[in-house]
Visitor: 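Here it is, the structure in full.
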There are 2 protein chains.
Amino acid sequence: MAVRQRDPKSTRSALLDAAADLFAKRGFDGTTIDAIAKQARVNKAMISYHFGGKRGLYGALLSEILTNMAARLEAVRAWDAPPEQRMVAFIAAFREVVRVQPVAPQIMLREVISGGRHVDRKILPNFLAIFTVLQGILEQGTREGKFRPVNPVLTQIGLVGSLMFFFATETFRKRIVREIGVDAGSMDAEDYIRHWRDMMLGGLAVRPVAGFPVPVDSGPSQGDE
Amino acid sequence: MAVRQRDPKSTRSALLDAAADLFAKRGFDGTTIDAIAKQARVNKAMISYHFGGKRGLYGALLSEILTNMAARLEAVRAWDAPPEQRMVAFIAAFREVVRVQPVAPQIMLREVISGGRHVDRKILPNFLAIFTVLQGILEQGTREGKFRPVNPVLTQIGLVGSLMFFFATETFRKRIVREIGVDAGSMDAEDYIRHWRDMMLGGLAVRPVAGFPVPVDSGPSQGDE
DNA sequence: ACACATCAACCAACCGGTTGATTCAACCAA
DNA sequence: TTGGTTGAATCAACCGGTTGGTTGATGTGT
């Protein structure tokens, strides 16, 4: 058997990388510690030794993702620029988060769908930090007459939801294209970011445009369930 | 012990209801068949007997959700109206899907995050059906000069993502409000639908508005990883 | 010499599914 | 109408495999 390599930093890093990949693909419950250890090429006892077990490893990963995300968006908070540009920068910063940590959307999405059952109370403020960056941009936009007034929470949910959804569903989209043959056009991340930048700025624009707002019809008749 | 109740329709219905609730909350791997059977008040052997096992039960549930969703949006396809109103109706129809089946967003989101590993090839066309409804609305809008040209796939991803994200994260949002005390304002579903209706129509509007399109700045300087 | 990191093997609990027995509703011939 | 049969539905108990975590031994760097 190979000589033992003794390098705790490298062991921890390998475990976090393997955990990131597998938790993103299969979720917390769908991932075994045997699978993580095997992919990390490390003895599975190291998970208990270094992280306190499966939940500890997952918590460490989650914390890393959230603090990295909050830190990156923090740069946008401090930036003194017109609100449209800050909005664009917010979206771009989000993109950078994903470039640096491609597993973040999948892991974060699973977590919030489950009600945050693995989210330690200590890292909840990161969510608030992210929210207040966007809130500040929206307030500045309204104050400067560039954005119409909107509910910042609903705007945040919609924006973050659409961004995370895009990145988290890449594998599934590729399957749809392959098995059904949709003419998808570009599904490039940069195109998506550009698209949603335009949608957001258009959606926040102050003056009414042609056909907006639209008088609401009741829509096609539908049976109740 | 109580007399045996013999009612296969009721048994299947109870199992599907319990499965819907638990799969939405905990995901496929995080839900045990013991938990499903207990909540349905049914012997767990019934899962194998009626559905062929855990995966069969989950597949039946997924199929029910997707065909219901596709059918409801189908009504919008057939509706002859201006594109703005059809877009509004599309969003409203989506809302109705969730009203009728509150577990749909969580289950669908988990599934597409995992690359659709439990999605049978047979029900994939439902995704295409949903996509082509929106594609038709966008094409009509462009043709009639009401919408600017956009990539329908990217628009679909963004819209569906933001809608599903909202509904799927209700539990988590409530936790955030409770534990951090965000002044969230309204997080009512109807307010959200109205909000995203306005965002979508504004984002699709044809004529440039003040401040749009915005010249792109490089944003605040950020370290590369 | 010692503390830390690592290992192979082990363990109790859990899991999805199966099994043989039992119950029961529908059916049928007398 | 009645008694017997039959197949479907249901049950409690069981099973082999898997799981997260532990353990005592071993190797290694300071």
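Letters A, B, ... are given to chains in the order of the sequence lines, protein chains preceding strands, and every chain is numbered from 1. What you see is a predicted model, and the numbers here were worked out from it, not measured in a lab. Both backbone and side-chain heavy atoms feed into the values below; hydrogens, waters and symmetry mates do not.
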Visitor: Within less than 4.0 Å of OP1 or OP2 of dA8(C), is there a side-chain N or O belonging to Asn43(A)?
Guide: yes
Visitor: Taking the nucleotide of DNA chain D with the nearest heavy atom to each, does Pro8(B) or Lys54(A) sit closer to the 5' end?
Guide: Pro8(B)
Visitor: Would Thr11(B) and Arg6(B) count as having a side-chain donor-acceptor pair, cut-off 3.5 Å?
Guide: no
Visitor: Looking only at side-chain N and O atoms, does His50(A) come under 4.0 Å of OP1 or OP2 in dC4(C)?
Guide: no
Visitor: Atom CD1 in Ile123(A), atom NE2 in His118(A): separation rounded to 0.5 Å?
Guide: 11.5 Å
Visitor: Would you indicate which nucleotide in dA9(D), dC7(C), dG20(D) comes nearest to any side-chain atom of Thr32(A)?
Guide: dG20(D)
Visitor: By nearest nucleotide on DNA chain C, pick out whichever of Arg6(B) and Ser48(B) is the more 5' one.
Guide: Ser48(B)
Visitor: Taking CG from Asp7(A) and P from dA5(C), how many angstroms apart are they, rounded to a whole number?
Guide: 11 Å
Visitor: Do the two ring centres, one from Phe51(A) and one from Tyr58(A), sit under 6.0 Å apart?
Guide: no
Visitor: Starting the side chain at C-beta, find the nucleotide from dT6(C), dG17(C), dT10(D) nearest to Thr11(A).
Guide: dT6(C)
Visitor: Just by distance, with hydrogens left out, do Arg77(A) and Thr132(A) show a side-chain donor and acceptor under 3.5 Å apart?
Guide: yes
Visitor: Considering only side-chain heavy atoms of Ala45(B), which listed nucleotide, dA13(D), dT6(C), dT19(C), is closest?
Guide: dT19(C)
Visitor: Using whole Å, what does the distance between atom P of nucleotide dC11(C) and atom NZ of Lys44(A) come to?
Guide: 14 Å
